[in-house]
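This is a predicted model, so every value here is computed, not measured. So that the names make sense, note that chain A is the first sequence line, chain B the second, and so on, each numbered from 1.
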Amino acid sequence: MQKWLMKSEPNEFSIDDLKACPKQTDMWDGIRNYQARNMIRDTIKKGDLVFFYHSNCALIGIVGIMEVVKEAYPDPTAFEQNDKHFDPKSDPDNPRWFVVDLKFKRKFDRTISLHELKEHKQLEDMRLLQKGNRLSIMPIEDLEWDYVLGLE
DNA sequence: GCCAACGTTGGC
DNA sequence: GCCAACGTTGGC
């Protein structure tokens with residue numbers, strides 16, 4: 001089972017928003033980056049666990065855990081003209097963008113901040129901490145996953 | 001295929 | 001709001 005980290009701006013969609021969804025489950029829509037798309041479409045499997053990361057906010061960091069409950073299917077927002085993620089080049093017969101469904105597992109008692117993650121030498125190879133990294137979905141090594149959980 | 005211009009991400 | 005570090009687009 002592979003582990004992941006996914007970023008979201010809490011102003012747009014926070015871990016509390018996910019928790020408030022019906023069945024505490026929602027589709028992770030709006031991914032418009034090919035590297036992230038490929039991971040969603042090809043690699044992310046049902047049962048995988050995902051760190052929920054809040055970006056672009058006052059307290060940046062990992063805030064909890066979710067679980068993949070449905071594997072890739074076409075992102076419907078790409079076909080909706082009024083949606084901000086509308087992409088006229090995504091053909092319903094040959095979809096360009098995909099989503100997975102994620103279910104809330106739990107929220108940490110505190111945010112494990114980006115600042116804090118940077119202080120741990122054991123985490124220095126984390127994709128998240130590499131300079132210039134902008135991927136909104138990335139794999140997490142098992143050792144990194146366990147280490148982060150140990151900080152909680 | 002090159003690369004300049006433009007758009008986006010995301011920490012600060 | 002700034003801006004570095006990307007990614008994408010499109011003319012050539």
Side-chain angles (χ1 to χ4, degrees), chain A residues 2-21 26-44 48-68 71-102 104-141 143-152:
Chain A
Q2 175 67 51
K3 318 259 193 341
W4 305 90
L5 178 145
M6 299 193 193
K7 301 176 181 175
S8 180
E9 302 188 14
N11 294 339
E12 301 285 331
F13 188 77
S14 73
I15 191 165
D16 294 320
D17 294 330
L18 178 63
K19 191 179 178 184
C21 284
D26 201 15
M27 63 177 183
W28 202 261
D29 63 7
I31 297 298
R32 296 293 180 269
N33 168 285
Y34 288 106
Q35 261 184 283
R37 187 283 306 273
N38 292 346
M39 288 189 266
I40 285 183
R41 190 190 55 190
D42 306 331
T43 315
I44 297 179
D48 284 359
L49 295 176
V50 184
F51 281 144
F52 197 129
Y53 178 89
H54 281 174
S55 66
N56 246 313
C57 57
L59 186 52
I60 297 161
I62 299 171
V63 293
I65 297 176
M66 16 185 208
E67 180 180 348
V68 178
E71 289 175 17
Y73 59 99
D75 185 342
T77 66
F79 309 131
E80 291 164 18
Q81 203 145 10
N82 295 323
D83 195 283
K84 77 181 235 194
H85 299 299
F86 174 62
D87 181 358
K89 284 176 278 191
S90 187
D91 177 355
D93 292 330
N94 184 20
R96 178 176 296 200
W97 306 115
F98 292 81
V99 296
V100 291
D101 284 355
L102 295 170
F104 173 85
K105 288 278 284 188
R106 68 188 179 90
K107 182 180 177 179
F108 296 158
D109 290 335
R110 65 184 188 89
T111 298
I112 300 172
S113 71
L114 176 62
H115 177 79
E116 181 180 350
L117 294 173
K118 285 178 175 169
E119 289 176 341
H120 291 271
K121 202 151 191 357
Q122 294 89 337
L123 298 176
E124 66 184 2
D125 291 332
M126 258 182 107
R127 200 92 178 257
L128 178 71
L129 304 182
Q130 302 312 304
K131 187 179 174 185
N133 167 68
R134 298 188 326 178
L135 263 186
S136 61
I137 297 179
M138 66 189 79
I140 299 282
E141 302 297 328
L143 282 174
E144 295 166 349
W145 177 275
D146 293 340
Y147 190 85
V148 169
L149 287 182
L151 300 175
E152 187 185 352

Take A/Gly132 and A/Tyr34, find for each the nucleotide of DNA chain C with the closest heavy atom, and name the residue whose nucleotide sits nearer the 5' end.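 So the residue in question is A/Gly132.
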Please list, for nucleotides 10-12 of chain B, all pairs of protein and nucleotide N/O atoms separated by less than 3.5 Å.
unit_1: B/dG10; atom_1: OP1; unit_2: A/Lys7; atom_2: NZ; d: 3.1
unit_1: B/dG10; atom_1: OP1; unit_2: A/Arg134; atom_2: O; d: 2.9
unit_1: B/dG10; atom_1: N7; unit_2: A/Asn56; atom_2: ND2; d: 3.4
unit_1: B/dG11; atom_1: OP1; unit_2: A/Tyr53; atom_2: OH; d: 2.7
unit_1: B/dG11; atom_1: OP2; unit_2: A/Asn56; atom_2: N; d: 3.0
unit_1: B/dC12; atom_1: OP1; unit_2: A/Lys118; atom_2: NZ; d: 2.8

[X] [atom1] to [N] [atom2], straight-line distance once rounded to whole Å:
X        : N     : atom1 : atom2 : result
A/Arg32  : B/dT8 : CZ    : P     : 13 Å
A/Leu5   : B/dT9 : CG    : P     : 16 Å
A/Met138 : C/dC6 : CE    : P     : 13 Å
A/Gln130 : C/dC6 : CD    : C1'   : 15 Å
A/Lys84  : B/dG7 : NZ    : P     : 17 Å
A/Arg127 : B/dT9 : CZ    : P     : 17 Å
A/Asn33  : B/dT8 : CG    : P     : 13 Å

Using salt bridge (charged side-chain N to carboxylate O under 4.0 Å, His left out) as the criterion, list what pairs up with [X], not counting sequence neighbours.
X        : result
A/Asp16  : A/Lys107
A/Lys121 : A/Glu124
A/Arg127 : none

Just list the side-chain donor-acceptor pairs under 3.5 Å for residues 49-60 of chain A, sequence neighbours left out, or say none.
unit_1: A/His54; atom_1: NE2; unit_2: A/Ile15; atom_2: N; d: 3.1
unit_1: A/Asn56; atom_1: ND2; unit_2: A/Glu9; atom_2: OE2; d: 3.4

Counting just side-chain N and O atoms, does A/Lys131 come under 4.0 Å of either OP1 or OP2 of C/dA5?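 Yes, because at least one side-chain N or O of A/Lys131 sits under 4.0 Å from OP1 or OP2 of C/dA5.
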Quick one: does any side-chain atom of A/Ser90 pair with a main-chain N or O of A/Arg96 as donor and acceptor, under 3.5 Å?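 Between the backbone of A/Arg96 and the side chain of A/Ser90 there is a qualifying donor-acceptor contact (under 3.5 Å).
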Of all residues at least two apart in sequence or in a different chain, which pass the side-chain contact (heavy atoms from CB on, under 4.5 Å) check with A/Tyr73?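 Here the qualifying residues are A/Met27, A/Lys70, A/Val99, A/Asp101.
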